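Notes to accompany the following structure.
As the structure is a prediction and not an experimental result, all values here were calculated from the model.
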Amino acid sequence: MGIIYHQNTQELHLFNSELSYIIKIQKNGGLMNLYYGKRIHDKEDFGYLQPQASRPLTVYESPGNSGYSLQYIRREYPDYGRGDFRTPAYLIRQENGSRITAFSYDSHKIYRGKKKLEGLPATYAENDEDADTLEIRLTDAVTNAVIVLSYTIFNKLPVIARHVQLINGGTQNLVLERALSASIDLPDSDYEMVYLTGAWARERHVRTRKLDHGISSIGSIRGASSAEYNPFFALKRPAATEDTGEVYGFCFIYSGNHLEQAEVDTDQNCRVSIGIHPDTFEWALTPGETFVTPEAVFVYTDYGLNAMSQTFHCLFKEHLMQSTWKDRQRPVLINNWEATEMDFTENKILDIATAAKDLGIELFVLDDGWFGGREDDTKGLGDWFVTNFDKLPEGIEGLSAKITDLGLQFGLWFEPEMVNPGTKLYDEHPDWILCPAERTPSPGRNQYVLDFTRDEVVDYIYDLMEKVLSGAHISYVKWDMNRYITECYSTGTPALSQGKTFHKYILGVYRLYEKLTLRFPDILFESCASGGARFDPGILYYAPQAWTSDDTDAVERIKIQYGTSLVYPVSSMGAHVSQVPNQQTGRCTPLKTRGDVAMFGAFGYELDITALDKEEKTAVKEQITFVKKHRLLLQHGTFYRLKSPFRENAAAWMMVSPDRTEAIAAYYNLLGTPNCRFDRLFLRGLDPDRKYHMNGSTEVYYGDELMYAGIPIPHTGVCESNVDFSSFVFYLSAL
């Protein structure tokens, strides 16, 4: 059991081989955090870690208690208005307008395993031996409200998962104005905040800022986790690197509005807060009702950012993704979007599929334009059935049969959360969009957002999709979402419950995913949101891979995939070789470089493969052969970042097999430079005492020399003054 309760000192110690997390139940019933960090030996009393002494001009928690102030206590789930002037974790408005509460310890229980969060994505334990859980029950004597804090520690990973239940156990109506999933107070603020930011076509770029007095925060109020700020950040010591130093990682398993922040007070403490963004949230709780927050995940390591990332990768692959595809090798696919967009015929699609099959591609994906009156982006969304039989004479059923007869799997694009005006769905149910009736909805990409807070809307879309998926040979679904939420108002919701709309919308998205993945467990679902605007752990629970970005330019993708790897496993990143000039940047990059970038992801193609010349088709065939041969390693190995494109004119990363008998590394030279230096690449993760061959040569290299002496990067074809966008990939195999 990884949780010990010391009754005499009222301390709870959560620990495994890598971390310790210690909570003290105070005499007044409050909860104090004594320690969170590297594993330390257990003992009965760690109370000395929270000194108490009188401080000038301090508000004290009770009369006569001059040594105890909430302002200086490291608290587990802080409240508002009783002397702690830092950001609270929750706010509960009572019928008299008061937001003052005083929750105190009531009881706790410890058990093996982990309970499921109903209606929400969350991490899970495969069996009771995987994890241990602590639940602490707190009560407020005035309102009779109850808070249950849940902590799960995974026994083989330096991970703690947290969520909260808020229960109205009294007789008055309560309103939650803030209900974060977790808070933690760290005893100093000597950290740099690392986070992922960007916009459409440049998602998840790495940014770092030094913490200083005040609040450093990121978040989204767009109705989605967003391309702008991913629901993740890390606090690292200033000297920490990819391979050394202390790092705390925080991630929110949620796909809607979110807030992540680090607050440094004047005593140099740092409060971390993570949860649903309170600016768009209000949840009424009638007597007997319960609200459950989404889950937040904490990762600790003193081995640098790579170790943090590898922990997240392992956690998400082994304890988050539910799909039967989570451990399976992903098929090499081709998507027709950049080849045809919506202007296609069945004959053109079959020509692309036939050429793809000849080159070794395994899955054909039909993108936007197959349904309703869809000739451009002003029509069709919501009518998920074929009406244009000039395009598809035998519908999706006939096309999918012809594709599978070629020996390919068949995939299909949907955008189920949206509707175009003028469709059958919109004309019959104009009130099924998010917008007050007296207002004019703001269109985005000529479409409106369906009100997924309403069960009847979710069920209607499910019925249409179920009919398509069950009536054809479909093994893959690309689920797109091409705009954020505006006019967030549900006509199916009472006025006093409109503050629930954003959260209930995401719960509706999860419910549709749940229904479809249960009905079609063998279909591989890929999430897409204008590219990477909803690349988050909540979606990975249902869809084990996501379209990483609409930007398919290889050079830009190096940055995007590098940043994404801070949290998300390589197998989750949809990565394709696209046409040149690139549609997003106009850049022309070598076919080799495009392949060398895309192979570190769920690999595929996004171009008109019939237009390639003989030499290009030969190169594509070689790429596919290489990926297939090493697919298990590329998609499920241990990932290391070696060089950052945000700091250098080069980037590098590598994958290592779990037994360290093989590895694949890639080096990317971004721009040619005159008289450039002889660069050297230092590998990671190898067995220092093993001998390795490189690219099948007879020369032998020890693992230690590859890691500590490094490999000179060849000047010819890579580091030359006149060579932009070049790459060098090599395979290592142990003797």
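Judged by distance alone, the side chains of Y5 and Q10 do bring a donor and an acceptor atom under 3.5 Å apart. For the 3.5 Å distance criterion, the side chains of D451 and S490 qualify, holding a donor opposite an acceptor. The closest side-chain donor-acceptor pair between N173 and T286, if any, does not fall under 3.5 angstrom. Between the side chains of Y541 and D536, not a single donor N or O lies within less than 3.5 Å of an accepting N or O. No hydrogens or angles considered: nothing links the side chains of Y254 and E295 as a donor-acceptor pair under 3.5 Å. Judged by distance alone, the side chains of D140 and T101 never bring a donor and an acceptor atom under 3.5 Å apart.
For the salt bridge (charged side-chain N to carboxylate O under 4.0 Å, His left out) with R271, the qualifying choice from D188, D84, D265 is D84, the only one to do so.
A distance-only check finds a donor-acceptor pair linking the side chain of H277 to the backbone of D279 [under 3.5 Å]. Checked by atom type and distance alone, the side chain of T123 never pairs as donor or acceptor with a backbone atom of H319 at under 3.5 Å. Counting only distance, with no hydrogens or angles, the side chain of S217 and the backbone of E260 share no donor-acceptor pair below 3.5 Å. Here the side chain of E135 pairs no donor or acceptor atom with the backbone of I110 at under 3.5 angstrom. At distances below 3.5 Å, not a single donor-acceptor pair connects side-chain atoms of H13 with backbone N or O atoms of H6. Put simply, the side chain of T280 never gets that close to the backbone of I221: no donor and acceptor are under 3.5 Å apart. In this structure, the side chain of R222 does not engage the main chain of A227 through any donor-acceptor pair within 3.5 Å. Under a 3.5 Å cut-off, the side chain of R178 and the backbone N or O of P88 do form a donor-acceptor pair. In terms of modelled atom types and a separation under 3.5 Å, the side chain of S220 and the main chain of A224 share a donor-acceptor contact.
By the 4.0 Å N-to-carboxylate-O rule, R511 lies close enough to D455 to be salt-bridged with it. A salt bridge between R39 and E18 is absent, with no side-chain N of the basic residue lying under 4.0 Å from a carboxylate O of the acidic one. With salt bridges taken as basic N to acidic carboxylate O contacts below 4.0 Å, one links D132 and R112. One finds no salt bridge joining D480 and R445 here, because no Lys/Arg side-chain nitrogen approaches an Asp/Glu carboxylate oxygen to under 4.0 Å. K24 has no carboxylate O lying under 4.0 Å from a charged side-chain N of E76, or vice versa, which leaves the two without a salt bridge. Ionic pairing of D190 and K210 is present here: one or more N-O contacts between side-chain nitrogen and carboxylate oxygen are shorter than 4.0 angstrom. Comment: R99 does not engage D79 in a salt bridge, judged by the lack of any side-chain N to carboxylate O separation of less than 4.0 angstrom. Of the charged side-chain nitrogens involved, at least one lies within less than 4.0 Å of a carboxylate oxygen, so that E177 and R93 count as a salt-bridged pair.
Both the sub-6.0 Å distance and the 45° axial angle are not jointly satisfied by K504 relative to the ring of F502.
Ring-centre distance between F252 and F232: not below the 6.0 Å cut-off. Separation of the Y542 and W479 ring centroids does not fall under the 6.0 Å cut-off. Taking the six-membered ring for Trp and the full ring otherwise, Y35 and F15 have centroids separated by 6.0 Å or more. In this structure, Y151 has its ring center no closer than 6.0 Å to that of F298. The distance between the ring centers of Y568 and F312 does not fall below 6.0 angstrom.
Ring geometry for Y248 against F250 counts as parallel: the plane angle stays under 30°, on a 0 to 90° scale with 60° as the upper cut.
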Exercise. Output, in order, the C-alpha distance, side-chain angles, deciding distance and verdict of salt bridge (Lys or Arg N to Asp or Glu O under 4.0 Å) for R237 and E246.
Key: CA-CA 6 Å; R237 295 299 187 184; E246 193 172 48; 3.0 Å; yes
